[in-house]
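Heads up: the structure comes next, in structure tokens.
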Amino acid sequence: MPGPMGRRGVASERAKDFKGTIRKLISYIAHERVALVIAIACAIGSVVFNVMGPKILGQATTELFSGIAAKVTGTGSIDFAKIGYILATLLCLYITAAFLNFVQGWLMTGITQRVCYRMRREIVEKIDRMPLGYFETNSVGDVLSRVTNDVDTLGQSLNQSVTQLITSVTQLIGVTVMMLSVSVALAGVTFLTVPVSLILVVLVVRYSQRYFRRQQALLGAVDGMVEESFSGQTVIKVFNREARSVADFDVQNENLYVTGWRAQFFSGLMQPIMNFVANLAYVAVVSVGAALAIAGSITLGDIQAFMQYVRNFTQPITQLSQVSNMLQMLSAAAERVFEFLAEPEEEDRPATGELPACSGAVSFDHVKFGYVPTKTIIHDFTCDVKPGQTVAIVGPTGAGKTTLMKLLMRFYDVNGGSITVDGVDLRDWSRDDLRQNFAMVLQDTWLFKGSIMENIRYGRAGASDDEVHAAARAALADHFIRTLPGGYNFELNEDASNVSQGQRQLLTIARAFIADRPILILDEATSNVDTRTEERIQRAMDALMQGRTSFVIAHRLSTIRNADVILVLRDGDIVEKGTHEELLAKQGFYAELYNAQFANGGALDE
């Protein structure tokens, strides 16, 4: 499916480079190595103390039954003091094991949360360093999925898999040693069940891993569709596409349901399968143990201890299979995060320090540009703009109007020629220094959730309340702001839909006023409003443009009659240049556009 919806959640079903991703992750968490080593040591210590427990408990059982037998035969009595000492030792072991387990859990939780915190912060910082082209070619949902789902999956899997891997291996080794120390014969019987366990585990893991990986990818797709439906509710309702929206979601939701069901089903088979194998081992151990006990080769307490070891022997095998699943999910999520963090960033010059005030002189010299190197949009654009001039740029869709402004702001760099501001090539400016000279008012207003005061002050963070009020008055927004509940403290919602489109535009003009930059870009700023509101916005923009070099991309040609110069673009080149009256007198392409607009009721269909 083309467009954002079709791209969302397009994650790898499995890590392309499992070993490489794990190495990157180990390197990434290297600064946590002290806490990690302590956590691993505590996990190992906890397992060792737990593994020693059954054998010591078996000694208490043997002592109890020996005392009972001696009392029955009259040759002795039950030594409760010795049994009490054994049980006290066992209690101390279990308390120590629980304490060490608590410490490792506390440490690992801290490690994983700090790693997730660092990753989220680096992703957000990375977003600010990404070129604009990335956001125009990648969906919001996919990036959101990396910040939320992938980082959360990584954190949960890291927390569980590291300690579980260490404890499972330690427990498997420890239980094996203890079983051999109790009875080599019974240990041999138990080991015969290992091949059966491994075969069953491999079969289950092979199927469950596949579905767990696909589940993670589909989760990103579903999240993306929910985000898209939520933000596009107005359009969905206007075009009566609710049923289609739900139908599209149902397809992805059904896929997620089926995949999630299969993943959980195969994963859930692990425990009953391992219980079945453990029961087989129980039967074998009881049968052989009974024969050995009758022959006097083993005590009753040792058989009891061995029965617990059989359970403890099959448990880590199950856990290792689950760790395998978690490691696959961990690597797939980590790979997506590392891929994003490795994306190319905007190359920039270092800050140039204190600079003289910008006068606003702009020069385009034989500019050539294409978003794709083989497809040039702007072929040979040349224009000199004097400080304080108002330059209107008009032309049909695809002529390159907005692209020129993106080049001027250094969202992209030219493929050929040059653009200078005050005689300095844009590529010799740092982007931050360059953009301190620009203010923009766009067709699509962007206001964030917060008060009107905060939104206007976004143009200059240090502005006082009086300066905000003055900017609003200059933008002709003060009157409507004061009619709102709370006035300047009125809270805009997430998409600022609790004020009108025209009011939103006036607020962005106020924001540009308070920024007070020498160069102004107005990109079709009145195209979404009615004629009466347009007239008000136009008066605000006229005031804003006073004393500034202004570039106006015009939707309605009637709004640019007073421009100092009008550039008419067609297929990336200037085909006409002059004032409104001069261009009409030529009866050329501009006149065609103007007359067509007038015939269509005053709006140029772009």
Side-chain angles (χ1 to χ4, degrees), residues 43-66 83 86-87 89-91 93-94 96-98 100-101 160 163-205 267-325:
I44 293 174
S46 176
V47 171
V48 169
F49 285 126
N50 274 319
V51 166
M52 294 169 62
K55 188 170 184 179
I56 295 175
L57 183 60
Q59 293 174 1
T61 302
T62 300
E63 184 64 32
L64 177 63
F65 276 89
S66 297
I83 293 173
I86 294 172
L87 294 178
T89 302
L90 181 64
L91 180 62
L93 283 177
Y94 283 149
T96 303
L100 291 175
N101 193 44
Q160 298 175 29
T163 53
Q164 200 165 80
L165 178 63
I166 299 300
T167 55
S168 297
V169 172
T170 304
Q171 184 171 332
L172 195 60
I173 295 173
V175 169
T176 299
V177 171
M178 295 304 293
M179 285 195 300
L180 289 172
S181 68
V182 173
S183 172
V184 175
L186 292 180
V189 172
T190 304
F191 295 157
L192 290 176
T193 62
V194 173
V196 178
S197 301
L198 291 177
I199 291 172
L200 294 175
V201 165
V202 168
L203 290 175
V204 172
V205 168
S267 178
L269 286 177
M270 193 71 65
Q271 194 62 41
I273 288 175
M274 296 310 296
N275 286 338
F276 172 72
V277 174
N279 289 334
L280 291 180
Y282 280 147
V283 173
V285 166
V286 168
S287 301
V288 176
L292 293 176
I294 292 172
S297 301
I298 192 172
T299 65
L300 187 61
D302 286 340
I303 294 178
Q304 179 201 22
F306 211 93
M307 295 295 290
Q308 294 185 54
Y309 284 133
V310 169
R311 171 66 67 184
N312 291 337
F313 184 73
T314 56
Q315 182 183 9
I317 297 176
T318 305
Q319 290 175 341
L320 285 173
S321 65
Q322 294 171 345
V323 167
S324 176
N325 277 338

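Every heavy atom of this structure was used, including side-chain atoms; hydrogens, water molecules and symmetry mates were not. We're numbering straight along the sequence, starting at 1.
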Just distance, no hydrogens or angles: give the donor-acceptor pairs under 3.5 Å from side chains in residues 170-177, sequence neighbours left out.
residue	atom	partner	partner atom	Å
Thr170	OG1	Ile166	O	2.7
Gln171	NE2	Asn312	O	3.0
Thr176	OG1	Leu172	O	2.6

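- Nearest heavy atoms, Met179 versus Phe306: O-CE1, 3.5 Å.
- The two residues Ile298 and Gly289 have their closest heavy-atom pair at CG2-O, 3.9 Å.
- To the nearest 0.5 Å, the span separating OG1 on Thr96 from CG on Leu100 amounts to 6.5 Å.
- Shown here for Phe49 and Leu93, the closest heavy-atom pair between the two residues is CD2-CD2, 3.2 Å.
- Rounding to the nearest 0.5 Å gives a distance of 8.0 Å between CD1 of Ile56 and OH of Tyr94.
- By the side-chain hydrogen bond (donor to acceptor under 3.5 Å, both in side chains) test, Ser181 pairs with Lys55, sequence neighbours left out.
- Shown here are the side chain to side chain contact (heavy atoms under 4.5 Å, CB included) partners of Ala98, two or more places apart in sequence or in another chain: there are none.
- Smallest separation of non-hydrogen atoms from Ala43 and Thr167: CB-CG2, 3.7 Å.
- In terms of the side chain to side chain contact (heavy atoms under 4.5 Å, CB included) criterion, residue partners of Leu280 (sequence neighbours excluded) are, by chain and number, Phe276.
- In terms of heavy atoms, Ala284 sits closest to Val189 at CB-CG1, 3.3 Å.
- Residues satisfying the side-chain hydrogen bond (donor to acceptor under 3.5 Å, both in side chains) criterion with Asn50, sequence neighbours excluded, are absent altogether.
- The backbone N or O of Leu165 lies less than 3.5 Å from no partner atom in the side chain of Ser168, so there is not a single donor-acceptor pair.
- Minimum heavy-atom separation, Leu292 to Ser183: CD1-OG, 4.1 Å.
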